[in-house]
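Letters A, B, ... mirror the listed sequences (proteins, then strands); counts begin at 1.
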2 protein chains.
Amino acid sequence: MRIESLFDQQTQQIKIAVDCIIFGFNNNRLECLLIHREAEPQKGKWSLIGGFIGNDEDLDEAANRVLYNLSGLENVYMEQVKAFGKANRDPRGRTISITYTALILRSEYDDDKIKDHGAKWFPVNDLPELAFDHIDMVEAAIIRLRRRVRNTPIALNLIPEKFTIPQLQALYEGILDEPLDKRNFRRKIAQIEAIVKLGEKDMTASRRGAFLYAFDENLYNNTQYFNL
Amino acid sequence: MRIESLFDQQTQQIKIAVDCIIFGFNNNRLECLLIHREAEPQKGKWSLIGGFIGNDEDLDEAANRVLYNLSGLENVYMEQVKAFGKANRDPRGRTISITYTALILRSEYDDDKIKDHGAKWFPVNDLPELAFDHIDMVEAAIIRLRRRVRNTPIALNLIPEKFTIPQLQALYEGILDEPLDKRNFRRKIAQIEAIVKLGEKDMTASRRGAFLYAFDENLYNNTQYFNL
DNA sequence: GCAAAAGTGTTATATGTACACCCATGT
DNA sequence: ACATGGGTGTACATATAACACTTTTGC
């Protein structure tokens with residue numbers, strides 16, 4: 001088959017969508033934003049934030065628009081996970097979906113807007129039944145997330161600009177869903193030049209207080225070193 | 001925008017294709033299979049093996065069919081790389097392309113069939129000018145390949161069932177495009193249980209002869225260890 | 001003075017990297 | 001005997017994993 005062969009014909013009838021796997025962090029757990037399906041098929045199940053791609057829209061633009069429409073969030077760092085394209089994956093009609101994933105700060109969300117769309121946060125360890133193949137999408141995104149979170153500073157979007165090391169460790173333990181040794185964790189932090197110690201302490205979580213740190217974007221761009 | 005919003009309308013006019021980045025190994029170099037474009041646009045440039053997805057075809061099926069049509073190869077181990085979807089990436093019309101990549105043994109190819117399609121092997125370090133955004137696709141696939149080749153036995157598809165260590169090292173040096181230390185390379189091979197030493201020697205490449213090895217699929221499935 | 005969280009060092013193990021000489025054989 | 005490619009071991013640096021006690025402070 002030549003590359004042009006389908007351009008003349010109008011035979012291809014495939015819709016193409018994006019689905020967003022939005023992770024947030026709450027109660028020391030990783031959560032995922034889902035929408036309640038009010039219509040058949042799979043009415044009552046939950047599904048990812050998704051929508052069809054516009055004719056003149058880049059893929060990432062589509063992902064960002066869909067995310068914006070459903071959450072009000074802009075300029076979110078999203079990465080493509082992969083395309084899902086089994087012929088029968090969506091009973092409504094042939095659809096190929098390209099998944100994007102993001103990590104966001106739940107506190108920056110407009111909760112009312114979320115509720116208007118019938119959306120809700122669920123802990124990733126306790127998801128409801130998902131529509132279509134969305135559970136596969138979430139699993140693929142989690143695997144990717146857990147890898148990326150150790151090599152890139154994406155997780156730092158989930159905590160305030162100034163943070164303590166115990167806070168950051170709790171974040172990582174929540175995302176990775178495993179306990180980390182605090183001495184080893186601190187040693188690794190110390191090796192990351194882009195995480196700089198501030199003079200101040202946070203006194204809210206303990207009597208002694210914990211030193212605050214901040215992530216320096218410029219330093220990170222220079223060193224590119226990040227390993228946790 | 002609700003997830004259903006485009007299903008009723010017939011507004012979406014996007015074609016969806018697969019493009020295959022097929023790597024082979026020849027003259028101790030990594031090569032990539034390309035097709036010569038005989039038609040406008042970009043007539044005279046070279047492009048990847050690609051085609052549109054059938055309405056009832058899984059994504060991987062489409063990739064395999066396209067590959068089969070252009071090369072006669074079946075049961076090739078292909079992996080999805082990513083989707084390319086810039087709105088203006090193809091001047092012929094809006095097209096989203098999902099890339100798949102494979103490593104194959106050039107000697108198993110039917111060279112006549114390749115020529116019939118105007119296809120040709122090019123060293124990846126010396127590619128001709130490629131159509132559209134295909135150069136980005138090749139680069140993404142090479143990055144992925146170089147990572148995968150160190151963690152999985154996919155490169156073993158490129159050499160005969162029985163092979164010598166110097167052969168395997170040359171293969172890796174060709175794929176990675178960097179010299180490897182032969183003592184370190186041998187030590188790593190020794191740690192991979194799935195690569196088993198045979199009694200025989202290959203006498204064709206040297207006077208002394210070199211021991212032959214083979215990859216044991218079953219052992220690999222048990223141990224899952226592969227690190228080069 | 002005690003409860004609660006923050007902070008600190010050492011050792012063992014594994015992995016990566018650099019590096020130079022001897023071995024076996026056909027001619 | 002020599003040219004050719006095959007084969008071998010050691011030392012150093014780095015990364016990872018396991019593990020227990022002291023410090024600070026508000027009550």
Side-chain angles (χ1 to χ4, degrees), chain A residues 27-28 146-147 149-153 159-160 162-214 223-228, chain B residues 27-28 146-152 159-160 162-214 223-228:
Chain A
N27 290 327
N28 283 348
R146 292 196 171 136
R147 184 164 25 89
V149 101
R150 304 195 86 132
N151 303 319
T152 71
I159 44 174
K162 298 177 178 184
F163 54 89
T164 68
I165 301 217
Q167 264 174 40
L168 188 63
Q169 182 175 344
L171 171 65
Y172 270 81
E173 289 178 334
I175 295 175
L176 299 173
D177 197 26
E178 60 180 341
L180 300 175
D181 181 279
K182 74 175 165 174
R183 281 174 288 191
N184 295 338
F185 189 77
R186 274 173 191 275
R187 182 181 11 262
K188 288 186 163 193
I189 296 284
Q191 286 168 352
I192 300 173
E193 287 183 51
I195 297 181
V196 298
K197 188 175 186 172
L198 307 175
E200 326 153 48
K201 279 192 171 183
D202 170 89
M203 302 306 291
T204 62
S206 72
R207 306 200 153 109
R208 179 179 180 174
F211 276 102
L212 286 165
Y213 290 74
T223 61
Q224 290 293 112
Y225 181 81
F226 196 95
N227 191 19
L228 280 180
Chain B
N27 290 328
N28 282 348
R146 291 196 170 135
R147 186 166 23 91
R148 298 283 293 172
V149 100
R150 304 195 87 133
N151 303 320
T152 70
I159 45 173
K162 298 178 179 183
F163 54 89
T164 68
I165 301 218
Q167 262 173 43
L168 187 64
Q169 182 174 343
L171 171 65
Y172 271 81
E173 290 179 332
I175 295 175
L176 299 173
D177 196 24
E178 61 180 340
L180 300 175
D181 181 281
K182 75 177 167 174
R183 281 174 288 193
N184 295 339
F185 188 77
R186 273 172 192 274
R187 183 184 8 264
K188 289 187 162 192
I189 296 284
Q191 285 169 351
I192 301 172
E193 287 184 51
I195 297 181
V196 298
K197 187 174 184 172
L198 307 175
E200 327 153 47
K201 280 191 170 182
D202 169 86
M203 303 303 292
T204 62
S206 72
R207 304 198 154 111
R208 179 179 179 173
F211 276 103
L212 287 165
Y213 290 73
T223 61
Q224 290 292 113
Y225 182 80
F226 195 95
N227 191 18
L228 278 181

Asker: Closest approach to the side chain of B/R207, judged atom by atom: which nucleotide of C/dT10, D/dG7, C/dT25 is it?
Answerer: C/dT25
Asker: Decide, yes or no, whether a salt bridge links A/E173 with A/R146 under the criterion of side-chain N to carboxylate O below 4.0 Å.
Answerer: no
Asker: Please report, rounded to the nearest Å, how far the P atom of C/dA6 is from the OH atom of A/Y213.
Answerer: 12 Å
Asker: I'd like to know if A/R208 reaches the base of C/dA6 with its side chain such that a donor and an acceptor end up less than 3.5 angstrom apart.
Answerer: yes
Asker: Starting from P on D/dG26, measure out to NZ on A/K201 and report it in whole angstrom.
Answerer: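 The distance from NZ of A/K201 to P of D/dG26 comes to 11 Å, rounded to the nearest Å.
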Asker: Grab the CZ-C1' distance between A/R183 and D/dA18 for me, whole Å please.
Answerer: 8 Å
Asker: Could you give the CE-to-P distance, from A/M203 to C/dG7, as a whole number of Å?
Answerer: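 Result: 11 Å.
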Asker: Keeping B/Y172 on the side-chain end and B/F185 on the backbone end, is there a donor-acceptor pair under 3.5 Å?
Answerer: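 No, B/Y172 side chain to B/F185 backbone: no donor-acceptor pair under 3.5 Å.
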Asker: Any side-chain heavy atom of B/I192 within less than 4.5 Å of one from B/Y225?
Answerer: yes
Asker: Considering only side-chain heavy atoms of A/N184, which listed nucleotide, D/dG6, D/dA17, C/dT8, is closest?
Answerer: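 Of the candidates, D/dA17 comes closest.
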Asker: Mapping B/K182 and B/Q191 onto DNA chain C by nearest heavy atom, which one lands closer to the 5' end?
Answerer: B/Q191
Asker: Measure from the side-chain heavy atoms of B/N227 and tell me the nearest of C/dC19, D/dT8, C/dG16.
Answerer: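 Of the candidates, C/dG16 comes closest.
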Asker: What do you reckon, is CD of B/Q191 surrounded by more than 12 foreign heavy atoms closer than 6.0 Å?
Answerer: yes
Asker: Figure out the CG/P separation between A/D181 and C/dG9, and round it to whole Å.
Answerer: 14 Å
Asker: Given D/dT16, is OP1 or OP2 found less than 4.0 Å from the side-chain N or O atoms of A/K188?
Answerer: yes
Asker: Would you kindly give the CG-to-C1' distance between B/D202 and D/dG5, to the nearest whole Å?
Answerer: 12 Å
Asker: In whole angstroms, how far is the P atom of D/dG5 from the CZ atom of B/F185?
Answerer: 18 Å
Asker: Which whole-number value in Å describes the distance from A/I192 CD1 to D/dA15 P?
Answerer: 12 Å
Asker: For the NZ atom on A/K201, are there more than 12 heavy atoms of other groups (residues, nucleotides or ligands in this structure) within a distance under 6.0 Å?
Answerer: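 Correct, the count exceeds 12.
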